Amino acid sequence: MAGAHQGAGDGRTVGDVSGDDGAARTTDAAPPASTLPSGHDPDERGRFGPYGGRFVPEALVAALDELHAEYEKARVDPAFVDELRRLLRDYTGRPSPLTDAPRFGEHAGGARVLLKREDLNHTGSHKINNVLGQALLTRRMGKTRVIAETGAGQHGVATATACALFGLDCTVYMGEVDTRRQALNVARMRLLGAEVIPVRTGSATLKDAINEAMRDWVTNVADTHYLLGTVAGPHPFPVMVRDFHRVIGLEARAQVLDRVGRLPDAVAACVGGGSNAIGAFHAFLDDPGVRLVGLEPGGEGLETGRHGATLTAGSPGALHGAMSYLLQDEDGQTQETHSISAGLDYPGVGPEHSWLKDTGRAEYRPVTDAEAMDAFQLLCRTEGIIPAIESAHALAGALTLGRELGEDAVVLVNLSGRGDKDVDTAARWFGLLPGEDA
Amino acid sequence: MGRLDSLFASCRAERRAALVGYLPAGYPTVADSAALLGEMVAGGCDLVEIGVPYSDPVMDGPTIQSAADTALRAGFRLRDVFSLVESVATAGGRAVVMTYWNPVHRYGVDAFARDLAAAGGLGVITPDLIPDEAEPWLSASDAHDLDRIFLVSPSSTEQRIAMTTKASRGFVYATAVMGVTGARDQVGSDAPGLVRRTRQHTDLPVGVGLGVRSGAQAAEIAGFADAVIVGSAFVARAGGDQERARSEVRSLAEELAAGVRGQVS
């Protein structure tokens with residue numbers, strides 16, 4: 001229940017999993033010792049203002065109630081928090097570093113650009129933060145089978161990884177279009193022992209993978225946990241997944257303070273469903289001087305209609321279990337989206353982002369495929385880091401923000417994932433494959 | 001009082017269950033679906049459920065997914081559902097609409113209720129709207145005198161069945177199995193228990209759906225439920241050559257209508 005979890009014995013809850021141990025492993029200051037409750041929890045129905053809730057079949061309500069009850073207990077249970085903290089430290093490699101990107105920053109109006117290196121986590125993205133938390137919950141609930149959806153494959157790989165670690169049965173639904181453009185991640189999931197089921201319905205992308213996972217869950221809910229990979233879906237997923245990712249912002253805030261001596265002027269993160277962005281933003285919600293900027297997939301440009309800029313161009317509606325902004329037509333049918341980035345190619349968005357947009361606390365801007373790919377290449381060549389194409393949207397946003405804010409500005413970018421999976425797409429985009437002109 | 005009360009009263013007087021048949025609006029086209037709904041009524045469906053094709057039908061199996069897809073590609077618009085309801089009502093049949101929630105939300109909940117009532121519709125079945133989230137629909141359905149048919153599931157707790165039946169009017173839709181729509185060879189073993197549990201909380205009629213496809217199954221369900229709901233089996237016969245489709249839909253309705261009367265050949 002909202003506001004009901006102050007009771008942790010030692011004040012530690014899932015939001016501050018890095019805790020003291022992290023200090024020994026980094027030159028940056030450790031995150032604050034006690035930071036939850038965040039003061040930004042939804043109401044008891046899971047509503048952030050008018051957004052969120054549970055727009056689901058009755059058949060799933062019992063499982064959602066069970067999950068919610070278990071999570072409410074776990075989030076203030078020192079044994080759970082300690083185990084998650086240990087995993088994030090010893091298995092994931094947290095805290096993730098903060099990297100200065102001065103050569104990149106020269107192209108951002110000379111602003112100081114700091115990269116939060118979620119790409120250096122085990123499995124290569126921020127997704128593992130949430131997956132480990134939910135895998136622990138799965139075990140606590142006595143369930144033996146996990147299903148997940150994936151777009152770019154990052155969440156699927158993280159889920160397959162955790163299932164291997166915990167000995168859980170794993171099935172991942174992935175749009176057939178995405179299995180082709182992210183073939184490397186399909187192979188990774190299969191190596192890890194997961195079954196990958198290509199989804200051919202609808203647009204055969206992330207949205208349809210979620211539909212198929214929900215159908216599986218409705219059928220097998222007794223022994224199966226749906227390990228949802230983003231801050232969307234029915235309550236309690238948006239708040240729970242957010243809490244598991246809050247560690248990103250909590251670490252980064254302390255690291256920036258330690259490194260720069262003040263808070264950043266802006267935090268930039270890409271937004272598909274919105275999990276890495278909410279994780280990066282959340283620790284800064286009560287810092288009014290810090291602008292929170294979400295970068296949405298502008299695809300081929302908003303004017304073409306081929307994009308996935310839900311918050312920029314959508315309207316409120318119910319999809320995949322929650323009320324939130326949505327790309328829909330006049331009749332409430334979900335519109336097909338486009339993005340060069342499979343992980344952002346999604347017509348919905350987490351309900352808390354809708355609320356942050358309406359309240360004005362965060363702002364959301366589109367970044368086109370071309371802008372993202374320019375930033376992708378720029379980071380490769382100026383800093384020797386190949387980012388995920390998803391994260392390249394945040395980098396493109398940072399270039400613009402830096403130019404707007406000037407050379408005294410400090411811009412924190414959440415580098416949510418690494419780009420190995422995207423090398424094929426990037427090579428095609430830049431014409432780097434044998435037999436093509438560069 | 002519910003709009004469907006008289007239907008269930010007369011079925012009870014005849015000591016039989018009601019037959020409820022489902023077809024997606026606009027499948028395979030709007031005109032074809034009007035004719036098919038007519039056959040369902042003529043063949044003995046006491047009530048037709050007119051489905052709203054939706055882009056993301058998470059409660060539906062492959063048969064209804066693909067029908068919804070066909071209907072949307074053929075240009076189905078939400079307003080077409082009202083003309084189909086009207087055609088059923090004009091022909092002397094009874095119609096409710098079954099729809100995922102977002103199309104109603106987008107149309108405007110009150111406007112949807114108003115236009116459905118004006119077309120002669122009697123209520124709405126809402127597979128992904130639970131009473132917890134239904135305030136706008138509770139007031140719109142009251143204002144326009146429409147029945148609201150919520151679902152109960154084998155996984156529902158007693159507390160949720162009590163709450164859900166209290167919010168319902170017309171009848172309660174019991175999903176016989178955990179899973180999505182689609183014809184199955186056997187009725188879910190959870191079904192009789194779920195109906196029994198539901199009846200402990202309400203005097204409303206209880207309909208059973210998900211997976212029914214034959215007269216024998218209809219007879220089996222009619223033995224413990226107030227309504228037998230058949231969807232995918234009709235949909236599977238509704239595509240392709242329409243002359244054949246109309247005849248097969250008609251004969252399935254007749255077989256099921258005999259089934260709910262306990263007359264199984």
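Just so it is clear: chains get the letters A, B, ... in the order the sequence lines come, proteins before strands, and each one is counted from 1. The figures that follow rest on heavy atoms only: side chains count, while hydrogens, waters and symmetry mates do not. These numbers were taken from a predicted model, which means no experiment stands behind them.
Residue contact with chain A, scored on non-hydrogen atoms closer than 4.5 Å, is absent for Tyr107(B). With a threshold of 4.5 angstrom between heavy atoms, Gln335(A) does not approach chain B through any atom at all. For Glu336(A), no part sits under 4.5 Å from any heavy atom of chain B, backbone or side chain. When heavy atoms are compared at a cutoff of 4.5 Å, Ser156(B) approaches chain A by way of both its backbone and its side chain. Neither the backbone nor the side chain of Val104(B) comes within contact range of chain A; no heavy atoms are under 4.5 Å apart.
Asp132(B) has no carboxylate O lying under 4.0 Å from a charged side-chain N of Arg45(A), or vice versa, which leaves the two without a salt bridge. Between Arg47(A) and Glu133(B) there is a salt bridge, since a side-chain N of the basic residue sits under 4.0 Å from a carboxylate O of the acidic one. Using a 4.0 Å cut-off between charged side-chain N and carboxylate O, Asp331(A) and Arg77(B) make a salt bridge.
Between chain A and the residues Trp101(B), Tyr54(B), Tyr100(B), the most heavy-atom pairs under 4.5 angstrom are made by Tyr54(B). Per-residue heavy-atom pair counts under 4.5 Å with chain A were compared for Ala134(B), Ser66(B), Pro103(B), Pro131(B), and the maximum is reached by Pro103(B). For the set His320(A), Gln333(A), Arg215(A), the count of heavy-atom pairs under 4.5 angstrom toward chain B peaks at Arg215(A). Of the listed residues (Gly317(A), Ala63(A), Gly321(A)), the greatest number of heavy-atom pairs within a distance under 4.5 Å of chain B belongs to Gly317(A). With respect to chain B, the highest number of heavy-atom pairs below 4.5 Å among Asp208(A), Asp216(A), Asp329(A) belongs to Asp329(A). The choice from Pro57(B), Pro154(B), Gly61(B), Pro62(B) that makes the most heavy-atom pairs within less than 4.5 Å of chain A is Pro57(B). Put simply, of Leu78(B), Thr157(B), Asn102(B), the one with the most heavy-atom pairs under 4.5 Å next to chain A is Asn102(B).
Between Ile130(B) and Val61(A) the shortest heavy-atom distance is CD1-CG2, 3.9 Å.
Enclosure of atom CD in Glu158(B) by more than 12 non-hydrogen atoms of other residues, nucleotides or ligands within 6.0 angstrom is indicated. Around atom CD of Gln200(B), more than 12 heavy atoms belonging to other residues, nucleotides or ligands sit under 6.0 Å away.
Counted by atom type alone, Glu58(A) and Ser153(B) present zero donor-acceptor pairs between their side chains at under 3.5 Å.
Under a 3.5 Å cut-off, the side chain of Arg160(B) and the backbone N or O of Ala62(A) do not form any donor-acceptor pair.
Rounding to the nearest 0.5 Å places CG of Asn211(A) at 8.0 Å from OG of Ser55(B).
Asp56(B) pairs with exactly one of Ile210(A), Thr334(A), Thr201(A) by the side-chain contact (heavy atoms from CB on, under 4.5 Å) rule, that one being Thr334(A).
Proximity of His105(B) to Met323(A): side-chain heavy atoms (C-beta onward) are separated by under 4.5 Å at one or more points.
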